Amino acid sequence: MGVLSVPLVLPAADTLASLLILASAGLHAVVNLLWKADRDRWAFRVLVDGAGAVVMLPVAFFVAPPSPVVLLCIAGSVVAHYIYQSLVIAAYRLGDLSAVYPVARGTAPLLTALGAFLFMGERPLPVALLGIAVLVAGIVAFALEGRRGRRDNPASARALPLAMAAGAAVAGYTLIDAHGVRAAAGALDYIVWLYLAVGLATTSVVAAQRGRALLPALRLGWKPGLLAGLVSLLSYGLALTALRLGATAEVAALRETSVVIGALLGSLVLKEAFGLRRLTAAFIVALGALIMHLH
């Protein structure tokens with residue numbers, strides 16, 4: 001008797017790209033969940049960025065050394081990353097993940113589009129302008145929701161401006177990286193040197209500030225920190241793979257679902273107050289980011 005063979009049915013490239021980018025979005029939100037939940041958020045960042053640098057270190061021997069222009073871009077990106085980390089940590093100290101994360105993520109593409117128009121000569125299409133308007137509406141909705149909760153938690157109202165500033169920092173290093181990756185010999189070359197620089201900078205600055213007190217904090221939180229570092233790398237790898245398989249605009253748009261995932265994780269895991277208004281605001285932010293990419 002012959003062996004019954006069942007054909008292996010693989011998903012189409014576009015379907016696989018969609019699945020990978022949704023997984024990437026979920027993992028990105030999980031990293032921020034772990035970051036928000038950690039008691040020592042700077043030690044957490046040292047472990048996350050350090051894990052990325054350690055993984056990239058062997059690859060550095062196989063990529064081209066950075067040119068002076070690339071080094072300048074990396075330096076600017078490192079500064080913007082540090083500002084972003086400082087603002088997010090301050091925002092997480094005051095506010096909920098389900099509010100801070102969507103606002104920071106939503107502000108970033110909004111200001112990136114503005115920066116690309118002002119500094120790189122990229123003119124947004126009408127569809128992108130519609131997405132920008134929806135994004136602004138979502139961020140305003142979060143601001144109004146924050147005003148309602150000010151009576152119960154006055155500090156939470158101060159978290160939203162910090163989250164918006166963090167989004168501005170993301171837009172800053174996105175624009176710098178866009179220029180740097182074009183000036184580099186290849187995308188991988190830039191990514192490797194950037195990961196190494198960010199890991200070294202974060203570790204050096206925090207170690208200089210904390211001294212020997214950093215070591216006990218690293219020993220105490222090494223498991224979630226290293227896990228988040230590996231998850232972050234996996235999220236980035238899945239995103240790059242998805243971009244190779246699917247259409248760039250559609251794939252990038254789907255990654256913005258992380259806004260809703262992060263908001264839901266804040267409610268379900270951290271037990272944050274999560275009403276219909278906050279859920280609606282998160283969906284509006286995600287929709288605006290999606291529209292911006294679908295043009």
Side-chain angles (χ1 to χ4, degrees), residues 19-60 74 77-78 80-89 91-92 97 100-102 104-105 108-109 163 166-167 169-174 176-177 180-181 187-188 190-206 217-218 221-244 251-252 254-266 269-270:
L19 294 173
L20 291 175
I21 203 63
L22 287 173
S24 173
L27 292 174
H28 191 277
V30 167
V31 171
N32 276 267
L33 170 68
L34 294 171
W35 194 7
K36 164 67 176 173
D38 202 288
R39 293 183 179 181
D40 193 329
R41 297 187 180 102
W42 272 118
F44 179 87
R45 278 318 312 182
V46 169
L47 290 165
V48 171
D49 294 343
V54 169
V55 171
M56 291 297 177
L57 183 58
V59 188
I74 288 174
S77 184
V78 165
H81 271 86
Y82 182 77
I83 293 171
Y84 160 74
Q85 292 169 355
S86 301
L87 290 168
V88 168
I89 287 173
Y92 279 160
L97 171 73
V100 171
Y101 183 66
R105 290 285 297 175
V170 173
Y173 70 66
T174 299
I176 294 170
D177 291 342
V181 77
L188 179 62
Y190 186 82
I191 291 166
V192 168
W193 294 116
L194 179 62
Y195 264 87
L196 287 172
V198 169
L200 178 62
T202 303
T203 303
S204 300
V205 171
V206 178
L218 294 177
W222 71 270
K223 288 183 180 179
L226 289 183
L227 173 64
L230 296 176
V231 168
S232 181
L233 284 171
L234 178 60
S235 172
Y236 189 61
L238 290 175
L240 290 179
T241 305
L243 287 169
R244 286 178 60 88
V251 168
L254 279 176
R255 197 166 195 259
E256 301 307 330
T257 55
S258 64
V259 167
V260 178
I261 296 170
L264 290 172
L265 286 175
V269 180
L270 301 180

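Both backbone and side-chain heavy atoms feed into the values below; hydrogens, waters and symmetry mates do not. Everything numeric in this text was worked out from a predicted model, so none of it was measured.
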Determine the minimum heavy-atom distance between Leu238 and Ala23, stating which atoms define it. CD1-CB, 4.0 Å

If you apply the rule side chain to side chain contact (heavy atoms under 4.5 Å, CB included), what do you find for Leu87 with Ile83, and how did you get there? CA-CA 6 Å; Leu87 290 168; Ile83 293 171; 3.8 Å; yes

Which pair of non-hydrogen atoms, one from Val170 and one from Thr174, has the smallest distance, and what is that distance? O-OG1, 2.7 Å

Search all heavy atoms of Ala29 against all heavy atoms of Ser258 and return the closest pair with its distance. CB-O, 4.0 Å

Can you measure from CH2 (Trp193) to CD1 (Ile74) and round to the nearest 0.5 angstrom? 8.5 Å

When every non-hydrogen atom of Ala80 is compared with those of Ala169, the smallest separation belongs to O-CB, 3.8 Å

Is a side-chain donor or acceptor of Ser86 paired with a backbone partner of Tyr82 at a separation under 3.5 angstrom? yes

To check you understand the geometry: which heavy-atom pair defines the closest contact between Val48 and Gly225, and what is its length? CG2-O, 3.5 Å

Rounded to the nearest 0.5 Å, how far does CG of Leu33 lie from CG of Leu27? 12.0 Å

Would you name the heavy atoms of Ala53 and Leu196 that are closest together and state the gap between them? O-CD2, 3.2 Å

Can you tell me how far the CG atom of Asp177 sits from the OH atom of Tyr190, to the nearest 0.5 Å? 3.5 Å

Interatomic distance, Arg45 atom CZ to Thr203 atom OG1 [nearest 0.5 angstrom]: 10.5 Å

Where the side chain of Ser232 meets the backbone of Ala228, is there a donor-acceptor pair that is under 3.5 Å apart? no

CD1 on Ile261 to CG on Asn32, rounded to 0.5 Å: 12.0 Å

For Tyr92, which residues count as a ring-ring contact (aromatic ring centres under 6.0 Å, His included) partner, sequence neighbours excluded? Trp35

Nearest 0.5 Å please: distance from the CE atom of Met56 over to the CG atom of Leu194. 9.0 Å

Hey, are the side chains of Asp49 and Gln85 touching, using non-hydrogen atoms and a 4.5 Å cut-off? yes

Side chain to side chain, Tyr195 and Val59, heavy atoms closer than 4.5 Å: no

Has Ser235 got a side-chain atom pairing as donor or acceptor with Val231's backbone, closer than 3.5 angstrom? no

Does His81 reach the main-chain N or O of Ser77 with its side chain, forming a donor-acceptor pair under 3.5 Å? yes

